[in-house]
Amino acid sequence: MASTTTTFTSSSSSSSFLHTKIPTPSSLSSFNKPLTFQSMKPSLRKLCMSMAASSAPSPPPPYDLGSFKFAPIKESIVSREMARRYMTDMVTFADTDVVIVGAGSAGLTCAYELSKNPNVQVAIIEQSVSPGGGAWLGGQLFSAMVVRKPAHLFLNELGVDYDEQDNYVVIKHAALFTSTIMSKLLARPNVKLFNAVAAEDLIVKNGRVGGVVTNWALVSMNHDTQSCMDPNVMEAKVVVSSCGHDGPFGATGVKRLKSIGLIDRVPGMKALDMNTAEDAIVRLTREVVPGMIVTGMEVAEIDGAPRMGPTFGAMMISGQKAAHLALGSLGLPNAVDKNNAAGKIHPELVLAAATESAEIADA
């Protein structure tokens, strides 16, 4: 890119707007130096490159829009393709390595981190048609997503752009994070998202969680209006519960553990305290009963930790930690178990891995 030079063309030293004094060029000698592409800040370089790219004419579509016509297809082929592939997935993942219940920011991050190992099969159960949980927007339905450092290192890995501040970064729209991680995650052959599917119960054998009981979400919501509609099952070596905080479908994993007597209480999350909450969520992410790991805001429900409000770093790092705990349960290299670690621990997991001095939050 050609270098540019900034100059002041006016010699006026005052302005008629509220009689504001304007510095003369002689008093701004530093601004008279040539501004080259190499001397720009990285953010300004990126902006210049983006502007240059946008000024170039875009290539036309590889087909004639004036006389476009689709290739013919039989309607039954469409039905068969959808049904065959979905049923094949149901057969494949009926007995899998890890089932993640809940596809919010923590669940998606957990699945992303786990599925880096191509030999680990990961099934994601999400009751909503649209995965992502509350991570499509920031707080109070605003667009921006705030992520406290050092969780921005995970955004760097994903390639999500952000505006960097001293102790945090801001993604201009939360949907950029959610859509990016989903596009990367769901392209992997060892991952299947079963959305519009609810986890109605757990499989428990000899005190160990061994899978989930599933049904179509619409069926689960209408058990009172119809006769008995029995569910299906999905066995797993590890279940990760990331059902979020309490609500119609929230904290269902830990609430079920309590109702069947595997844990004593679910005190619910405390009032908002961002600084305490995010560290606590990551620190307390763990296997709560044999075979079941809890991550994300569901951790606050079981431990009485504070809620953090509209910051999302803890969801990402808690999800990462849950993934490495699951890898440990599978006997695979991970970043949490120091006796079974492979390579350097992720920088953002250093706090999460330091569980020796962790204290359980009081209810």
Side-chain angles (χ1 to χ4, degrees), residues 46 49-96 98-105 107-116 118-137 141 143 145 155 157-161 171-199 214-222 226 229 231-232 234 249:
K46 190 171 183 179
M49 293 174 67
S50 175
M51 292 174 65
S54 63
S55 64
S58 58
Y63 33 73
D64 185 356
L65 292 173
S67 58
F68 186 89
K69 189 174 181 180
F70 286 100
I73 193 170
K74 287 187 67 177
E75 285 80 357
S76 59
I77 290 177
V78 176
S79 293
R80 288 193 180 110
E81 286 293 341
M82 292 189 299
R84 177 174 60 83
R85 293 168 188 269
Y86 197 90
M87 295 305 164
T88 298
D89 287 333
M90 291 185 73
V91 171
T92 301
F93 289 90
D95 189 353
T96 191
V98 182
V99 169
I100 299 171
V101 183
S105 47
L108 290 174
T109 302
C110 180
Y112 174 86
E113 192 75 12
L114 262 173
S115 59
K116 289 178 181 177
N119 298 316
V120 177
Q121 279 193 323
V122 182
I124 310 168
I125 306 297
E126 169 55 49
Q127 64 88 16
S128 177
V129 171
S130 58
W136 289 109
L137 292 167
L141 306 184
S143 302
M145 173 183 277
L155 300 177
E157 179 182 331
L158 292 175
V160 176
D161 290 336
I171 305 169
K172 75 173 187 177
H173 202 297
L176 282 171
F177 164 76
T178 305
S179 59
T180 300
I181 192 170
M182 280 203 298
S183 67
K184 293 177 180 292
L185 166 65
L186 297 181
R188 293 174 176 168
N190 54 329
V191 176
K192 172 61 182 179
L193 167 66
F194 294 93
N195 47 329
V197 173
T214 62
N215 215 327
W216 307 121
L218 290 175
V219 172
S220 293
M221 296 169 67
N222 284 280
Q226 302 292 325
M229 296 178 283
N232 206 341
M234 188 177 291
F249 281 93

State whether K116 and E157 are salt-bridged, where the test is any N-O pair (Lys NZ or Arg NE/NH1/NH2 against Asp/Glu carboxylate O) under 4.0 Å.
-> yes
Side-chain donor/acceptor of W136 to backbone N/O of P131, under 3.5 Å = yes
Enter the distance from I125:CD1 to M234:CE here, rounded to the nearest 0.5 Å.
-> 4.0 Å
Please report the C-alpha distance between Y86 and K192 in whole Å, then the side-chain angles of each, then the deciding distance to 0.1 Å, and finally whether the side chain to side chain contact (heavy atoms under 4.5 Å, CB included) criterion is met.
-> CA-CA 10 Å; Y86 197 90; K192 172 61 182 179; 4.1 Å; yes
Taking E126 for its side chain and A103 for its backbone only, find out whether a donor-acceptor pair lies under 3.5 Å.
-> yes
Separation between CD1 of I100 and OH of Y112, rounded to the nearest 0.5 Å | 13.5 Å
Under 4.5 Å between any side-chain heavy atoms of Q226 and V219, yes or no?
-> no
Atom pair CG (N232) and CZ (F194), whose distance is rounded to the nearest 0.5 Å | 9.5 Å
Closest non-hydrogen atom pair, N222 against M229 = O-CE, 3.5 Å
Which heavy-atom pair separates Q121 from T92 by the least distance, and what is that distance?
-> NE2-CG2, 3.3 Å
Provide the closest heavy-atom pair for R84 versus T88 in the form atom of the first, atom of the second, distance.
-> O-OG1, 2.7 Å
Once you round to the nearest 0.5 Å, how far does CE of M82 lie from CE of M87?
-> 10.5 Å
Test item: I73 and V78 side chains (from C-beta on) under 4.5 Å apart, heavy atoms = yes
Nearest atoms (heavy-atom pairs only) where T214 meets P231 | O-CB, 3.1 Å
Are side-chain heavy atoms of L137 and M145 found at a separation under 4.5 Å?
-> no
Quick one: closest heavy-atom pair of R188 and S115, and the distance?
-> NH1-OG, 2.7 Å
Sub-3.5 Å donor-acceptor pair from the side chain of N195 to the main-chain atoms of V129, do we have one?
-> yes
With rounding to the nearest 0.5 Å, note down the distance linking CG in L114 to CD1 in I124.
-> 9.5 Å
Which of these passes side chain to side chain contact (heavy atoms under 4.5 Å, CB included) with I171: T178, T180, L155?
-> L155
Any donor-acceptor N/O pair, N190 side chain to V120 backbone, under 3.5 Å | yes
For S105 against T109, the heavy-atom pair lying closest together | O-OG1, 2.7 Å
Approximate separation, where rounding is to 0.5 Å, of W216 CH2 and M221 CE = 15.5 Å
